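Here is the structure we will look at.
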Amino acid sequence: MSRIETPRPIRGTQDIFGPDAEAFAHVVECFERVRKLYRFRRIEMPVFEKTEVFSRSLGETTDVVSKEMYSFDDRGGESLTLRPEFTAGIARAFITDGWQQYAPLKVATHGPLFRYERPQKGRYRQFHQIDAEVIGAAEPQADVELLVMADQLLKELGIADGVTLNLNTLGDGASREAWRSALIAYFRQHHGDLSEESQERLEKNPLRILDSKDPRDRPFVADAPQIDDFLSEEARDFFAQVTAGLDAAGVAWSRNPALVRGLDYYRHTAFEFITDRLGAQGTVLGGGRYDGLMESLGGAPTPAVGWAAGIERLAMLVQGDGQGGGELPADVIVVVENDAVMLDGVGAAAQLRRAGLSVDMIASGSPRKRFDKAVKLGAKAILALNPGDAGTQHRLRAEPDFAAVVDSALAGYRWQ
RNA sequence: GCGACUGUAGCUCAGUUGGUUAGAGCGCCGGUUUGUGGUACCGGAGGUCGCGGGUUCGAACCCCGUCAGUCGCCCCA
């Protein structure tokens, strides 16, 4: 007999079950509710796109495109990629589907994303995000609205404690480029004293030195040129309006001049809500303004801003707080203590459910142990069924108030 | 791609310096007890000790390799 080897799950995928699954659903439900309060319109997007959608938008420069996307050729020989983010696909749809007519357009979505990375805490190859974007709005009020929405979401999820909104500006294109050049010149002077990783970054992605975790880099980061010294008048004013809007809306924020984005299309506002409770993967929600993206996809210049947040990470925090997301006990558990009254179990459960009560039925295993099983499940009410001389006997155990609810739900049921 | 740690029953884990037939709790199945009842007891099923090689009279245990998981680094759209 040859043994059948059970296929293992793919690295970095997860089968979400039990309290984890409830917390996950809770996060999505909360997001759906809040996004409606801010009048963001729901969209559904394809899970895969032509590879160019992502490679063009990401610029083909970094490891990101070459090593960290799930790409494959379809039967026609065309390279396709499982979406590693929402933004590029939404930008593509904005262009190809004529959504310009709705600008400024506020949209929201959620679903799975795929990145070919080594899994670690709160980081998977298939993961899930909620996402919100405002496309075609150049005003700082769009940034503010997104941030206020994010803040409200985290508060309604009950996880805002220990979470800080880190805020920065990258300036407009010219500011950003001037700052970048100054940073390179500065770090070149200290090249030999930087960590090995940062010496690498100096060539490939100098802005990233600013958020290096290596203590050797810290003194140089502290004295590095600040974006503020390179901001144009317009960029400075834009950022001031964003912070003023946050203050007006009562959203706490913290300036973090080391918060950067590696990709060139980011302009002005960049932000991350960061928690101190998730180890190395502390960013819980992040985003920024990407005014340069639409052009890289061949569209007309279109200002846009958005954010995304990992559902798994939010769900972990929700559970850590011991609230929202637990599996709720049943309203009623119907216990068929003798198989002779099985059909009344089926019938009573159906009637109770039609009356809007959540019901589980226990009708298997040792009859004598069925009641104890029900007790252990901790329902609000237990309805035990047994055969009697005058037909099925039913006994209800519940608090008096809830017993009345169950009784009225059962009213009119014809026991066999 | 790199590093550290961990792989024993469905789950959580013991397992002595390398020594007979690998254990417990929980869960599951059956039975006895109780009988408006969350009790107690008895029994049962369930294990390629991640996999492959090596050392040894003898390996869950020591060595090498490999695979998987966890966490961290790199990267982070």
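Chain letters run A, B, ... following the sequence lines, proteins first, then strands; residues in each count from 1. All values derive from a computational prediction rather than experimental measurement.
Under a cutoff of 6.0 Å and an axis angle of 45°, A:R267 and A:Y290 do not form a cation-pi pair. Taking the ring centre of A:Y102 as origin, the terminal cationic atom of A:R41 falls inside the region bounded by 6.0 Å and 45° from the ring axis.
Taking every side-chain heavy atom of A:V375 into account, B:G38 is the closest of B:G27, B:G38, B:C73.
Across all strands shown, B:C49 has no partner, as no Watson-Crick or G-U wobble contact with both distances under 3.5 Å is found. Using Watson-Crick or G-U wobble geometry with both donor-acceptor distances under 3.5 Å, B:C41 finds its partner in B:G31. Judged by Watson-Crick or G-U wobble contacts below 3.5 Å, the nucleotide B:G25 has B:C11 as its partner. For B:U56, there is no paired nucleotide, since no Watson-Crick or G-U wobble pair has both relevant distances below 3.5 Å. In this structure, B:C5 forms a base pair with B:G69, meeting either the Watson-Crick or the G-U wobble geometry with both donor-acceptor distances under 3.5 Å.
One C1' atom belongs to B:C71, the other to B:G10, and the distance between them is 26 Å to the nearest Å. To the nearest whole angstrom, the two C1' atoms, one in B:U56 and one in B:G18, are 9 Å apart. Here the separation of B:U12 from B:G54, taken at their P atoms, is 32 Å to the nearest Å. Going from the P atom of B:G23 to that of B:U36 covers 42 Å, rounded to whole Å.
For the pair A:K369 and B:U34, the criterion of a side-chain N or O lying under 4.0 Å from OP1 or OP2 is not met. The side chain of A:R115 contributes no N or O atom lying less than 4.0 Å from OP1 or OP2 of B:C76. For A:R201 and B:C75, the shortest distance from a side-chain N or O to OP1 or OP2 is below 4.0 Å. Taking side-chain N and O atoms only, A:N386 has no distance below 4.0 Å to OP1 or OP2 of B:U36. Between A:K121 and the phosphate of B:G72, there is no side-chain N or O to OP1/OP2 separation shorter than 4.0 Å. Distances shown here put a side-chain N or O of A:S366 below 4.0 Å from the OP1 or OP2 atom of B:G31. Put simply, A:R368 has a side-chain N or O that comes within less than 4.0 Å of OP1 or OP2 on B:U32. Phosphate proximity of B:C71 to A:Q120: absent, as no side-chain N or O sits under 4.0 Å from OP1 or OP2.
Distance, A:F371 CZ to B:U33 C1': 17 Å, rounded to whole Å. For the pair A:Q14 CD and B:G69 P, the computed distance is 12 Å after rounding to whole Å. In this structure, the CZ atom of A:R397 is 17 Å from the P atom of B:G35, given to the nearest Å. With rounding to whole Å, A:I333 atom CD1 is found 12 Å from B:G38 atom C1'. Note: CZ (A:F271) to C1' (B:C76) measures 16 Å, nearest angstrom.
Nucleic acid contact for A:G365: sugar-phosphate only, since backbone atoms but no base atoms lie under 4.0 Å from a heavy atom of the residue. Among the protein residues, A:E200 comes within range of no part of the nucleic acid, since none of its heavy atoms lies under 4.0 Å from any strand.
In this structure, A:F72 and A:F48 have parallel ring planes: the angle between them is below the 30° cut-off, well short of the 60° mark.
Where A:Y266 and A:R395 meet RNA chain B, the nucleotide closest to each residue was compared, and A:R395 sits on the side nearer the 5' end. Both A:R8 and A:E337 lie near RNA chain B, and the one whose nearest nucleotide falls closer to the 5' end is A:E337.
Aromatic ring centres of A:H191 and A:F187: separated by at least 6.0 Å.
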Side chain to side chain contact (heavy atoms under 4.5 Å, CB included) between A:T302 and A:F94, worked out = CA-CA 10 Å; A:T302 308; A:F94 185 84; 3.9 Å; yes
request  = Take A:E196 and A:R216 through the test salt bridge (Lys or Arg N to Asp or Glu O under 4.0 Å) and record every step on the way to the result.
outcome  = CA-CA 10 Å; A:E196 296 77 11; A:R216 285 173 289 173; 3.2 Å; yes
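Within 3.5 Å, a donor on the side chain of A:R123 pairs with an acceptor on the base of B:C75, or the reverse.
The side chain to side chain donor-acceptor pair (under 3.5 Å) test with A:N256 singles out one residue from A:T164, A:N168, A:N166, and that residue is A:N166.
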